[in-house]
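Accompanying notes for the structure given below.
Lettering follows sequence order; numbering is per chain, from 1. Atom set for the values below is all heavy atoms of this structure, side chains included, hydrogens, waters and symmetry mates excluded.
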There are 2 protein chains.
Amino acid sequence: MAAIGQRNRLQYIILGLLNQRPQTGYDLTKAFENEIGEFWQAKHSQIYPMLKRLEAAGEITHEDTVTGEKLAKKQYSLTPAGHEKLVAWVTEPSPELTAIKDEFILKLYFIKTVDDPRLQPMLQEQAALHRAQLAHLRQRQTTVFPDQGAIDQAYGHYLILDHAIEREEHYVDWLEKYLAH
Amino acid sequence: MAAIGQRNRLQYIILGLLNQRPQTGYDLTKAFENEIGEFWQAKHSQIYPMLKRLEAAGEITHEDTVTGEKLAKKQYSLTPAGHEKLVAWVTEPSPELTAIKDEFILKLYFIKTVDDPRLQPMLQEQAALHRAQLAHLRQRQTTVFPDQGAIDQAYGHYLILDHAIEREEHYVDWLEKYLAH
DNA sequence: TTAAAACATGTAATTAATTACATGTTTTAA
DNA sequence: TTAAAACATGTAATTAATTACATGTTTTAA
C-alpha cells in the first residue's frame with residue numbers, strides 16, 4: 001500500500017484557516033477567492049468532502065448553528081490533534097519550487113519572430129488583465145491592512161498579499177518591456 | 001453531453017512543440033523539464049496517452065525510426081489539421097490569470113507575528129532554493145541564446161525564458177526584503 | 001414588494017495529473 | 001569491461017480537481 005495522502009496540501013490549508021478562527025465551508029471557499037487563491041486553488045466541491053474527511057480523522061469538529069429562521073451552518077474548528085498536525089506541517093521544510101500554469105506565456109512560446117502580428121495584441125490583452133488584477137490586490141491591501149496594527153496581528157497574511165502585489169507589478173513591467181511604444 | 005475536452009491545454013502545447021520540429025514522446029517529456037516546465041507541468045505518463053489521442057484525431061502522425069541495433073522511436077509530426085488547431089488556439093484570447101501553487105507562501109500565511117522563530121529559517125531556506133533556480137535559468141539563457149541570431153529564430157522561447165528569470169529575480173528580492181540583515 | 005445576489009451545503013460525473021509498475025536499449029564515464 | 005545514466009515507450013492504479021447537478025435561505029438593492 002502506498003503512503004496514503006502523502007501530499008494533499010489542501011487539508012493543511014484548511015487546518016490553518018480554521019486555526020485562525022472557526023469557520024464554515026462557505027467561509028473557507030471565500031478565502032480561496034481572495035489571497036489564498038493567489039497561491040492555491042480549491043472549489044467548494046473539493047472543500048466540503050475534505051471537511052468530512054478531516055472530521056472523520058478527528059482533526060476538526062463542527063458545531064451546528066442557525067442564521068435567521070432556518071439556514072443551517074456548520075462552524076468547524078480545530079481539535080488538538082488538528083492543531084498538532086498543522087504545526088508539524090508548517091515546521092517541515094518546503095523543498096518544492098512554485099508550480100505555475102500560465103496559458104498565455106505558453107502561447108508566447110509558439111510565436112517564432114518579433115514581427116509576428118499576433119504578438120503586440122497578445123501583450124496588450126495580458127497587460128490589461130494583469131493591471132486589473134494589480135488594482136484589485138492593492139485595493140485589498142488598503143482595506144485589509146489599514147494600519148500597522150492590522151499588519152502586526154496577521155503578519156503572514158500581510159506577507160503573502162505583499163508578495164502577490166509585487167508579482168503582478170513585475171508581470172506588468174515585464175509585459176511593458178516588450179510592448180511597442 | 002458536455003463539450004469534450006473543453007479545456008485540455010496539454011494537447012496544444014504538444015502541437016506547438018511538434019510544430020517546431022518532429023519529436024518523440026521522450027523529447028517532449030524533456031521539454032517539460034526545461035522552460036516549458038516553468039509554465040506548465042506534465043509527465044511522460046500523461047504525454048504518451050495524449051500522443052495516441054492526437055494521432056487518433058488525425059492531428060499528428062508518426063514515423064518509426066530505429067537507433068543503433070533495435071531501439072524503436074516514434075517521431076511525431078503535425079498534420080495540416082493539427083497545424084490549423086494550433087493556430088486557432090494561439091489566436092484566441094487568454095482571459096485566465098496565472099494559476100500558482102506555492103506551498104511555502106501558504107505556510108507563511110499561517111505565521112501570525114513578525115517574531116515567530118520559524119520565520120527567518122523559512123525565508124533563508126526558500127532564498128537558497130530560488131537562488132539556485134535563478135542560477136540554473138541564467139545558465140540556460142547563455143547556452144540556448146548565445147547571440148542575437150538565436151533570439152531572432154526563437155523569439156517566443158526567448159521571451160518565456162526571460163520571464164522565468166525575472167520572476168525568480170523578483171522572488172529572491174522579495175525574500176531578501178524580509179530577511180533580517 | 002420583489003428580483004437578484006449572496007449565503008449555505010452537498011453529491012455525481014468527468015477529467016487531469018501523479019505515482020507506481022513494467023520493460024528494454026544505448027551511451028558515457030569510471 | 002562494466003555499471004550507471006540516459007534514452008525510449010508504455011499501462012495501471014490512485015488521487016486531485018473541475019464541472020455539473022441539486023436544493024434551499026437570507027439579504028440587499030431596485
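- Within 6.0 Å of the CD atom in B:E63, the count of heavy atoms belonging to other residues, nucleotides or ligands does not exceed 12.
- When both pairing distances are held under 3.5 Å, C:dA8 makes a Watson-Crick or G-U pair with D:dT23.
- The side chain of A:K101 sits closest to C:dA17 out of D:dT19, C:dA17, C:dT25.
- You'll find that the side chain of A:Y76 is closest to C:dG10, out of C:dG10, D:dA8, C:dT18.
- Across all strands shown, D:dA16 forms a Watson-Crick or G-U wobble pair with C:dT15, both key distances being under 3.5 Å.
- Distances were taken from every side-chain heavy atom of A:L71 (C-beta onward) to each of D:dA17, C:dA12, C:dC7; the shortest belongs to C:dC7.
- Within 3.5 Å, no donor on the side chain of A:T24 pairs with an acceptor on the base of C:dT9, nor the reverse.
- Under 4.0 Å is where a charged nitrogen must lie from a carboxylate oxygen, and between B:E176 and B:R131 at least one such pair does.
- Proximity note for B:H44 (side chain, C-beta onward) versus D:dT9, C:dT9, C:dT18: the nearest is D:dT9.
- No donor-acceptor pair closer than 3.5 Å links the side chain of B:S77 to the backbone N or O of B:P22.
- Of the candidate nucleotides C:dA8, C:dT11, D:dA16, C:dT11 has the atom nearest to the side chain of A:K52.
- Protein atom CD of B:Q46 is 16 Å distant from nucleotide atom P of D:dG10, rounded to whole Å.
- Side-chain atoms of A:K74 lie closest to C:dT9 of the nucleotides C:dT9, D:dC7, C:dT11.
- Checked against D:dT19, D:dG10, C:dT25, the side chain of A:K43 finds its nearest nucleotide in D:dT19.
- Between A:Y12 and A:R7, the shortest heavy-atom distance links the atoms CE1-O, 4.2 Å.
- Listed candidates were D:dA8, D:dT11, C:dC7. Nearest to the side chain of A:Y26 is C:dC7.
- Pairing of D:dA3, defined by two Watson-Crick or G-U wobble distances under 3.5 Å, is identified with C:dT28.
- Looking at B:S45, its side chain comes within 3.5 Å of the base of C:dT19 through a donor and an acceptor atom.
- Comment: A:E169 engages A:R138 in a salt bridge, judged by a side-chain N to carboxylate O separation of less than 4.0 angstrom.
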